[in-house]
Undergrad: 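Structure provided below as structure tokens; questions to follow.
Below, chain A is the first sequence line, B the second, and so on; all start at residue 1.
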Amino acid sequence: MAESIKIRATLQGDVADVRMLVNHPMETGQRKNERGELVAPHFITVITAAHNGRTVMEAHWSQGVARNPPLGFRVRGAKVGDKIAVSWIDNKGASGSAETAVGG
Amino acid sequence: MKAKRRTILKAAVAAAAALTLPMSRSTQAAEWNKGAFGATSIADALKHMGAANAVPSKDILIKVPDVAENGAAVPIEVTSNIPNTQSIAILVDKNPFPLLASFGFSNGAEPYASTRVKFAGSSDMRVIVAAGGRHYVAVREVKVVAGGCG
């Protein structure tokens with residue numbers, strides 16, 4: 001799962017604009033496969049984001065978020081080089097994380 | 001003797017659970033709201049969120065297409081201009097599970113989030129903001145050409 005997240009943070013004024021993309025099936029539990037069987041629900045439940053180690057955002061999700069979801073959020077009081085770390089957990093206990101530095 | 005061993009075993013299991021639980025929870029500010037996310041009607045979801053009596057607000061900005069071609073991935077962007085916004089939740093009234101996402105903010109995060117969500121079909125979308133112990137709501141209608149929950 002090392003490649004599960006693409007993330008980029010750019011500074012606009014003193015606000016870091018963070019854009020990330022998570023590779024995840026986000027199965028609703030209502031979709032049927034080629035054999036007509038229901039595919040079990042499989043979705044990210046929690047995504048957390050930290051700015052220089054302090055939690056700034058925590059998203060709780062359901063199966064209603066799209067497959068391979070993008071996520072954008074903004075952090076005030078950021079500077080170039082600050083660390084933005086994100087991690088996710090899904091309903092099956094899998095997880096992923098990534099870190100980036102705020103770019104100018 | 002057998003009964004005693006069982007008691008000790010139970011105590012050991014309980015102790016192990018007590019040790020692991022707080023660790024897994026410490027990374028999470030709030031519990032994933034199982035009742036609200038599992039609700040199958042908008043009324044039930046709002047009740048579980050404690051937001052049944054949310055006050056309509058023009059200070060919640062929603063960017064979402066009026067007509068979405070593909071319900072499987074509808075881009076949305078939400079911003080709250082309500083002071084002391086703690087969280088923003090997104091619900092789609094007619095989805096099988098109406099509560100889609102809730103974003104909690106702290107330590108300088110702007111009350112803003114963007115993502116893509118699924119619409120089972122045309123429906124109202126509701127954004128609930130929690131601020132200063134109160135709930136506020138804004139509603140937008142989205143027409144969906146091809147549903148995206150299958």
Undergrad: Is there a path of hydrophobic side-chain contacts, each under 4.5 Å between heavy atoms of I/L/V/M/F/W/Y residues, joining A/V56 to A/V15?
TA: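 No, no single cluster joins them.
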Undergrad: So, the side chain of B/K118 versus the backbone of A/A66: is there a donor-acceptor pair under 3.5 Å, distance only?
TA: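 Checking the backbone N and O of A/A66 against the side chain of B/K118, no donor-acceptor pair under 3.5 Å is found.
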Undergrad: Tell me, out of B/P75, B/P111, B/S106, B/A109, who's got the most heavy-atom pairs with chain A below 4.5 Å.
TA: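 Of the candidates given, the most pairs with chain A belong to B/S106.
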Undergrad: Quick check: do A/P69 and B/R116 have side-chain heavy atoms less than 4.5 Å from each other?
TA: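 No. Closest side-chain heavy atoms not under 4.5 Å.
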Undergrad: Do the side chains of B/I82 and B/Y112 join up, straight or via other hydrophobic residues, at under 4.5 Å, putting them in one cluster?
TA: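 Cluster IDs for B/I82 and B/Y112 differ.
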Undergrad: Could you tell me whether a side-chain N or O of A/S62 sits under 3.5 Å from a main-chain N or O of B/L99, the two making a donor and an acceptor?
TA: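 Side chain of A/S62 to backbone of B/L99, a donor-acceptor pair under 3.5 Å: yes, one is there.
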Undergrad: So, the side chain of B/N107 versus the backbone of A/T55: is there a donor-acceptor pair under 3.5 Å, distance only?
TA: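 Yes; at least one donor-acceptor contact below 3.5 Å.
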Undergrad: Is there a path from B/V139 to B/L91 through hydrophobic residues (I, L, V, M, F, W, Y) whose side chains come within less than 4.5 Å of each other?
TA: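 Yes, B/V139 connects to B/L91 through the hydrophobic network.
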Undergrad: What do the steps show when you test A/R74 against B/F105 for side-chain contact (heavy atoms from CB on, under 4.5 Å), and what is the final call?
TA: CA-CA 10 Å; A/R74 294 172 181 158; B/F105 309 101; over 6 Å; no
Undergrad: What's the verdict on side-chain contact (heavy atoms from CB on, under 4.5 Å) for B/F103 and A/M57, showing C-alpha distance, side-chain angles and the deciding distance?
TA: CA-CA 7 Å; B/F103 301 89; A/M57 196 222 37; 4.0 Å; yes
Undergrad: Could you state whether B/I88 and B/V137 fall into the same hydrophobic cluster, counting links through intermediate Ile, Leu, Val, Met, Phe, Trp or Tyr residues with side-chain heavy atoms under 4.5 angstrom apart?
TA: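 The answer is yes; both residues are in one hydrophobic cluster.
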Undergrad: Give the member of B/A113, B/A101, B/G104, B/G38 that has the highest number of heavy-atom pairs under 4.5 Å with chain A.
TA: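 Top count of heavy-atom pairs under 4.5 Å with chain A: B/G104.
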Undergrad: Could you measure the distance from the OG atom of B/S114 to the CZ atom of A/R19? Nearest 0.5 Å is fine.
TA: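 Reported to 0.5 Å precision, the distance equals 4.5 Å.
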Undergrad: Can you name the closest pair of heavy atoms from A/V65 and B/L100 and give their distance?
TA: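 Reported closest heavy-atom pair: CG2-O, 3.6 Å.
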Undergrad: Is B/F97 reachable from B/W32 through a run of I, L, V, M, F, W or Y residues, each pair having side-chain heavy atoms under 4.5 Å apart?
TA: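 No, B/W32 and B/F97 fall in different hydrophobic clusters.
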Undergrad: Do A/F43 and B/F37 pass the side-chain contact (heavy atoms from CB on, under 4.5 Å) test, and can you show the C-alpha distance, the side-chain angles, and the key distance before you say yes or no?
TA: CA-CA 12 Å; A/F43 58 96; B/F37 279 110; over 6 Å; no
Undergrad: In terms of heavy-atom contacts, does CG of B/N53 have more than 12 from other residues, nucleotides or ligands at under 6.0 Å?
TA: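 For B/N53, atom CG is not crowded (no more than 12 foreign heavy atoms under 6.0 Å).
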Undergrad: Between CD of B/E110 and CG of A/D17, what distance do you get to the nearest 0.5 Å?
TA: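 Taking CD in B/E110 and CG in A/D17, the distance rounds to 9.5 Å.
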Undergrad: Out of A/R67, A/M26, A/Q63, which one racks up the most heavy-atom pairs below 4.5 Å with chain B?
TA: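 Between A/R67, A/M26, A/Q63, the count favours A/Q63.
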Undergrad: Quick check on side chain to side chain contact (heavy atoms under 4.5 Å, CB included): which of B/V117, B/I90, B/T115 does A/W61 satisfy it with?
TA: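 Result: among B/V117, B/I90, B/T115, B/T115 is the only option passing the side chain to side chain contact (heavy atoms under 4.5 Å, CB included) with A/W61.
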Undergrad: Which atoms of A/M20 come close to chain B, meaning under 4.5 Å heavy atom to heavy atom: side chain ones, backbone ones, both, or neither?
TA: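 Interface part for A/M20: neither.
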